[in-house]
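Following: one structure in structure tokens, then a few remarks.
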Amino acid sequence: MTLTSSSPARSTYAEIAERAGVSKATVSRVLNGDDRVHPERAASVMLAAEKLGYRPNRAARALSTGRTGLVAVVIDDQPTALSDPFWGVVLAGISRVFMANDLHSLLMVTPLDSPDGAVAHYLEGGEVDGAIFLQVHKDAVTNKASAQGLPVVLIGRPIEEGSTIPYVDTDNIGGGLQATNYLFERGCKNVATLTGDLDASAGLDRLNGYKLAHEQAGLDVNPDLIARANWSFESAKIMTLRLLAKNPEIDGIFAANDIMAIAAISAIQERGRRVPDDIAVVGFDDSLLAQTHRPAITTVRQDILGLGAAAAETMIALLQDKTPKIEMLTTEIMIRESA
């Protein structure tokens with residue numbers, strides 16, 4: 001009896017070489033990214049490899065190229081990390097681009113408190129070809145990794161002025177401006193804001209957009225209407241209750257993400273007030289939560305999937321020794337029931 005496998009056997013360099021009519025050495029050079037092979041021969045090798053169902057052995061490729069095919073995706077583990085569905089969509093955007101380019105991601109969720117911590121030591125070990133950092137609060141780890149020659153990409157503008165680390169981001173200032181202006185346009189006179197984490201650039205920039213809207217409208221910013229939260233439902237609800245107790249005249253709230261907008265609505269309703277009749281609420285992200293909550297959340301839409309994809313594409317450019325461009329994704333207001 002002859003036993004057969006349900007999956008095709010791995011094609012060897014010899015088989016590919018025979019079909020392409022080239023040497024095994026040429027096959028090796030082409031499949032390991034050597035661009036010195038004549039284009040016609042390279043095309044023949046790639047066509048033969050495709051027809052034979054070739055899949056590269058990752059360990060062998062690492063030995064021959066010095067590349068592992070792995071990129072670390074590091075999320076700074078703050079209290080709200082991964083509790084917001086935003087991050088799952090970002091990771092999906094990264095994964096889609098990597099899979100299409102024969103790269104894989106290694107997710108690491110850990111505090112980035114010290115440049116001598118576990119993440120920094122791991123990244124020094126040559127286990128990954130690069131690192132994408134999400135929600136960075138301190139630049140020490142990213143700066144150290146970059147200084148040691150590891151390709152690094154940030155999702156979110158660097159905190160440190162003058163940083164040369166490439167990044168992708170959403171126009172958070174513009175988004176905060178859109179949200180606050182919309183509340184002004186619908187007649188709100190006393191607009192409060194629930195900030196995100198102000199140790200992260202997204203939190204700072206969305207707050208600056210709120211302030212810019214006041215400046216452009218010729219209005220002073222009332223510091224009593226700025227409540228510092230940390231992206232979480234819990235912090236936003238507590239801060240909204242405090243805002244309402246201290247400033248009963250509030251008629252609009254811009255929350256720096258959708259989770260906090262939902263928390264604000266919960267607090268407003270708990271105090272016997274109506275949304276949007278008494279207080280209009282605008283969020284940020286346009287996550288699935290914003291679309292399914294009742295009332296549905298008026299929110300600033302950012303391209304969350306595209307943010308992850310742009311970060312992955314930037315990493316690929318670095319791995320190919322190309323100069324990446326800074327990606328700044330646009331925003332738009334999505335008008336629903338809450339405002």
Side-chain angles (χ1 to χ4, degrees), residues 75-76 78-87 89-90 134-137 155-157 159 169-184 188 190-214 221-244 247 250 252-268 275 279-290 293 297-304 307 328-334 336 338-339:
I75 300 181
D76 194 352
Q78 301 300 313
T80 58
L82 296 184
S83 64
D84 188 337
F86 170 88
W87 296 112
V89 181
V90 171
L134 294 70
Q135 191 170 265
V136 173
H137 292 73
I155 293 183
R157 177 180 58 80
I159 301 294
D169 203 358
T170 293
D171 180 10
N172 290 300
I173 293 177
L177 176 67
Q178 285 176 308
T180 310
N181 275 341
Y182 176 74
L183 289 167
F184 286 156
C188 297
N190 297 284
V191 177
T193 186
L194 296 165
T195 78
D197 187 343
L198 298 184
D199 290 328
S201 60
L204 280 172
D205 288 348
R206 293 174 196 181
L207 174 59
N208 286 334
Y210 167 86
K211 292 178 178 179
L212 182 59
H214 283 75
V221 174
N222 181 351
D224 288 342
L225 297 184
I226 299 175
R228 183 167 180 171
N230 68 359
W231 308 115
S232 72
F233 182 96
E234 293 78 10
S235 70
K237 184 163 185 180
I238 290 169
M239 298 310 295
T240 302
L241 291 171
R242 291 179 183 175
L243 280 170
L244 296 177
N247 306 279
I250 287 173
I253 294 177
F254 163 46
N257 73 358
D258 291 336
I259 285 179
M260 294 195 298
I262 291 170
I265 291 172
S266 175
I268 291 166
V275 176
I279 302 176
V281 177
V282 176
F284 200 113
D285 285 340
D286 194 27
S287 65
L288 183 61
L289 292 175
H293 186 269
I297 309 298
T298 293
T299 185
V300 175
R301 182 185 186 276
Q302 63 170 323
D303 185 358
I304 307 174
L307 195 63
M328 185 66 70
L329 280 62
T330 59
T331 60
E332 62 176 316
I333 192 85
M334 307 299 292
R336 299 195 179 98
S338 69

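We use all heavy atoms of the structure for the numbers below, so side chains are in, but hydrogens, waters and symmetry mates are not. All values reported here derive from a predicted model rather than from experimental measurement.
By the salt bridge (Lys or Arg N to Asp or Glu O under 4.0 Å) test, Asp205 pairs with Arg157, sequence neighbours left out. For Thr330, there are no side-chain contact (heavy atoms from CB on, under 4.5 Å) partners two or more places apart in sequence or in a different chain. Not a single side-chain hydrogen bond (donor to acceptor under 3.5 Å, both in side chains) links Asp171 to another residue, sequence neighbours left out. Every residue meeting the side-chain contact (heavy atoms from CB on, under 4.5 Å) condition with Asn247, not counting sequence neighbours, appears here in chain and number order: Asp224, Leu225, Leu243, Glu249, Ile250. Every residue was checked against the side-chain hydrogen bond (donor to acceptor under 3.5 Å, both in side chains) condition with Ser201, not counting sequence neighbours, and none meets it. With sequence neighbours excluded, the residues forming a ring-ring contact (aromatic ring centres under 6.0 Å, His included) with Tyr210 are His214, listed by chain and number. Residues satisfying the side-chain contact (heavy atoms from CB on, under 4.5 Å) criterion with Asn181, sequence neighbours excluded, are Leu177, Phe184, Glu185, Ala213, Gln216. In this view, Thr180 satisfies the side-chain hydrogen bond (donor to acceptor under 3.5 Å, both in side chains) rule with no residue, not counting sequence neighbours. Partners of Glu332 by side-chain contact (heavy atoms from CB on, under 4.5 Å), not counting sequence neighbours, listed by chain and number: Arg301, Met334.
Residues Thr299 and Ser338 have side chains not in contact (no heavy-atom distance under 4.5 Å, counting atoms from C-beta outward). Annotation: side chain of Asn257 is not in contact with side chain of Phe86 (no heavy-atom distance under 4.5 Å).
A distance-only check finds a donor-acceptor pair linking the side chain of Tyr182 to the backbone of Ala339 [under 3.5 Å]. Judged by distance alone, with hydrogens and angles left aside, the side-chain atoms of Arg206 form no donor-acceptor pair with the main-chain N or O of Gly176 at under 3.5 Å.
To the nearest 0.5 Å, atoms CG (Leu204) and CD1 (Ile159) are separated by 6.0 Å.
With 3.5 Å as the limit, one finds no donor-acceptor pair spanning the side chains of Asp286 and Gln302.
Pairs passing the salt bridge (Lys or Arg N to Asp or Glu O under 4.0 Å) check and including a residue from residues 234-244, sequence neighbours excluded, read Lys237-Glu270. Within the structure, salt bridge (Lys or Arg N to Asp or Glu O under 4.0 Å) contacts touching residues 252-266 (residues at least two apart or in different chains) do not occur.
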